[in-house]
Every structure is written in structure tokens, then in C-alpha cells.
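What follows is one structure encoded as C-alpha cells, with my remarks underneath.
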Amino acid sequence: MRADRLVATLLLMQARGRVTAAEVAAELEVSVATARRDLEALSTAGVPVYPQPGRGGGWSLVGGARTDLTGLTSAEATALFLLAGPAASVAPPVRSALRKLVRALPDTFRAEAEAAADAVVVDSTRWGERDRVRPERVDTLQEAVVRRRKVSLEYESRGHTRTRRLVDPWGLVDKDDVWYLVAGTEKGQRTFRVDRIVEATVTDLAAERPAGFELSREWERVVDEVEQHRSFLSATVLISARLLPVLRDHFGRHCEPIDTLDDGRVRVRVAAPMAISIAEKLAGWGATVEVVEPPSVRAELARLGAELVESYGRG
């Protein structure tokens, strides 16, 4: 995108002092004409960039002006590259950006920043799973978010009903390998699953974004609302303390230890939308877990047990 190129061009000039349009074009992998337009755009925008005509000329920053990435502390620079490094291993644009950022850092920071970029590799694929592929529409929606452009969506609901909507894209969230679009609509803020978006077209219409909107804060609110809907029913169970971490893994935030009994077992409250949902998660635990209440969960466990005996208990 052009904003990225302009920043990259400015960083390149900071590192080299003077550049030609051809050098910028080669470094950023664009045409010489595009590089020249970007340099002229910087100058027009008031950035102290000026051309020097003639042989041996080029473009320079007036008075050695600098973009102040040098304001980063050593700890901040290291943290930045620790975060960006794993993404760089799979995304060539990130790798290219890191190289340019390294050149813009003070010499004393560079060695640690480069080491941090190579310190971590994130493999999000579980053992036995195939590589996870990011949905193609994520790139389209991401472009719309950054460019602040409205998007025309064809969306399929859970009930398989399709509707056409014009939305203001505010941000994208990847939660447990499922992507969501947080957007503004004529009925207010809505959240769309990207895998239910049948078609997405970025328009030339400017998108509106509420003043003070913070995606992370709004997503926390969305998660809280969803989790409340998912936990209509709670049950009290008794379990060995050593198995509590496994139970937490099954129920996530809907697993709340209450107290510890004299026999060492822990009294725990778990929750899910329905009694069957809790029973299905506990059925495989057998006698290692005891459901104290409610009766509906105990009844569902008894029913599941009877079905298993009927199917497999005949020898």
C-alpha cells in the first residue's frame, strides 16, 4: 500500500542519506516511475525531502532530518522484534519490513533486534493436523479496514439464510483459528464470522469509524456477551485436585473452583448452555468425577451411560 511505501522510502533515505529513484525502486520492488512519484509526494506533503539534479544527484533529507524510530528504547525495540519475528517467518512483507526497520534503529540496538526477530517460531498447527490456511477474504477485509472503505457483503446466517449488507469494517479478530469481522451497520455494531461471508466487495465509499473505538476493548465485550449466552446452566461437581487442570481445559472460563473437601477432592462449578452439553463433556470421566447437582445433568449422564451399556455391554 502507498502509505507503507512512503514510510519505507523515508526509512531508506534515513539509512543511506541520499538515494536515487532507481535505488528506491529496486529496494521496494516497484517501478522507477512509482518511486519517483512517492519521492515527490513526500516533498509535496511537507517532508524535508529535496532532489539534487545532475550527475551524482538524487534525493536527500534536508539537514539530515530523521524519522524518529530512534526514540525506541532498547527494551522496546527488542519487544517489537520478538512480536514481529514469528510473523516474518511466514509473511514475506513482514520480513521485508523488519529488514528496513533494523536499518532505522541505532547501531547499539541492531544486534539485539536482529536476534529477537529470529528467537521465536510459532507453529499454530496441532500435532496430526494439516497446516492452517488463512481465509482468502481476510486479506480483502483487512485492506478495507486499513483504507477505511465500506464493504458490500453477502452473508449466510447460521440458518443458511443469505442477506446482502453494506458495512463499515472496523477490525478483524482471529479467535482459535476462526476469523471474525467487527463492523458498523445501519442497526449498530455487529460481528460477522468470516467463513460465513459468501462474497465481499470493497467499495469506493468512505467508511465511518466511531471516535475512540478500540478493537481490543470491543472484542472483550463481544466475548463476554457470547460467554454469558453459553453458560445458561451450571453444575456442581467433585473431582480430584490433580485432575482440576484437565477439567479447566475442558470448560475454560466456565470452570470455577469453590472449595476443597476433607477427602482432598475439589468442589467445582462448571457451566454450559444445556444439561446435555455438560453431561457430554463429563461422560468420559467415569467415576473420577461426581456430579452433585443439578438433577438434569445427572439424568443426562445416566441416559448416556444406559445407551453405552445397551450398545457395548452385551459382551
Side-chain angles (χ1 to χ4, degrees), residues 79 82-83 86 120 122-129 132 157-159 171-182 188-196 212-313:
L82 279 171
L83 288 171
V120 177
V122 175
D123 184 354
S124 60
T125 306
R126 294 182 179 181
W127 294 108
E129 284 187 342
R132 298 179 180 181
S157 68
R158 184 180 301 176
L172 288 157
V173 176
D174 176 8
K175 183 174 178 62
D176 196 23
D177 208 33
V178 177
W179 284 85
Y180 298 87
L181 170 69
V182 179
Q189 180 175 319
R190 293 291 185 271
T191 302
F192 302 94
R193 279 185 59 137
V194 173
D195 57 4
R196 291 183 186 156
F213 175 85
E214 291 184 12
L215 180 60
S216 58
R217 183 183 62 208
E218 287 302 314
W219 182 250
E220 287 180 3
R221 185 183 62 78
V222 170
V223 170
D224 286 341
E225 290 181 357
V226 172
E227 295 290 6
Q228 288 175 12
H229 287 300
R230 293 180 60 191
S231 57
F232 287 154
L233 181 70
S234 63
T236 302
V237 304
L238 301 177
I239 191 171
S240 169
R242 67 182 178 83
L243 295 176
L244 180 57
V246 185
L247 190 69
R248 278 184 170 144
D249 187 57
H250 277 63
F251 286 90
R253 67 168 66 189
H254 301 302
C255 177
E256 178 188 1
I258 301 173
D259 55 21
T260 302
L261 305 186
D262 293 339
D263 62 6
R265 290 185 298 171
V266 180
R267 193 194 319 269
V268 183
R269 182 179 294 110
V270 296
M274 299 179 294
I276 184 60
S277 304
I278 298 176
E280 287 175 343
K281 289 185 177 182
L282 296 178
W285 291 69
T288 59
V289 63
E290 177 186 345
V291 176
V292 178
E293 52 86 24
S296 58
V297 175
R298 293 172 61 93
E300 288 292 351
L301 280 169
R303 183 183 62 80
L304 291 172
E307 288 181 355
L308 291 172
V309 170
E310 178 67 20
S311 298
Y312 302 105

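Taken to the nearest 0.5 Å, the CZ atom of Arg193 stands 12.5 Å off from the OG atom of Ser157. Annotation: the span from Ser240 atom OG to Trp285 atom CH2 amounts to 9.5 Å, rounded to 0.5 Å. Distance CG/Asp249 to CG/Leu244: 11.5 Å, rounded to 0.5 Å. Interatomic distance, Leu172 CG to Trp219 CH2, rounded to the nearest 0.5 Å: 10.5 Å. Atom CD1 in Ile278 sits 4.5 Å away from atom CG in Leu233 (nearest 0.5 Å). Rounding to the nearest 0.5 Å places CD of Gln189 at 5.0 Å from CZ of Arg221.
Checked for salt-bridge contact, Glu300 and Arg303 meet the test: a charged N lies under 4.0 Å from a carboxylate O.
A cation-pi geometry, defined here as NZ or CZ lying under 6.0 Å from the six-membered ring centre and within 45° of its normal, does not hold between Lys175 and Tyr180.
Within 6.0 Å of the CZ atom in Arg242, the count of heavy atoms belonging to other residues, nucleotides or ligands does not exceed 12. Residue Arg190 qualifies as enclosed at atom CZ: its count of foreign heavy atoms under 6.0 Å is above 12. The 12-atom threshold is exceeded at CZ of Arg217, counting heavy atoms of other residues, nucleotides or ligands nearer than 6.0 Å.
Nearest heavy-atom pair, Ser296 versus Ala275, reported as atom, atom and distance to 0.1 Å: OG-CB, 3.7 Å. Summarising the geometry of Val270 relative to Val237, their closest heavy-atom pair is CG2-CG1, 4.3 Å, with the distance given to 0.1 Å. When all heavy atoms of Val297 and Ala235 are compared, the pair lying nearest together is CG2-CB, 4.2 Å. The two residues Lys281 and His250 have their closest heavy-atom pair at NZ-O, 3.4 Å. Among all heavy-atom pairs drawn from Ala283 and Leu304, the shortest one is CB-CD1, 4.1 Å.
Residues Val268 and Cys255 form a side-chain contact, since some pair of their non-hydrogen atoms from C-beta on lies under 4.5 Å apart. Side-chain contact check for Leu301 versus Arg298: every heavy-atom pair is 4.5 Å or farther apart. In this structure the side chain of Glu218 never reaches within 4.5 angstrom of the side chain of Val173, judged on heavy atoms. The shortest distance between side-chain heavy atoms of Leu247 and Leu282 falls below 4.5 Å.
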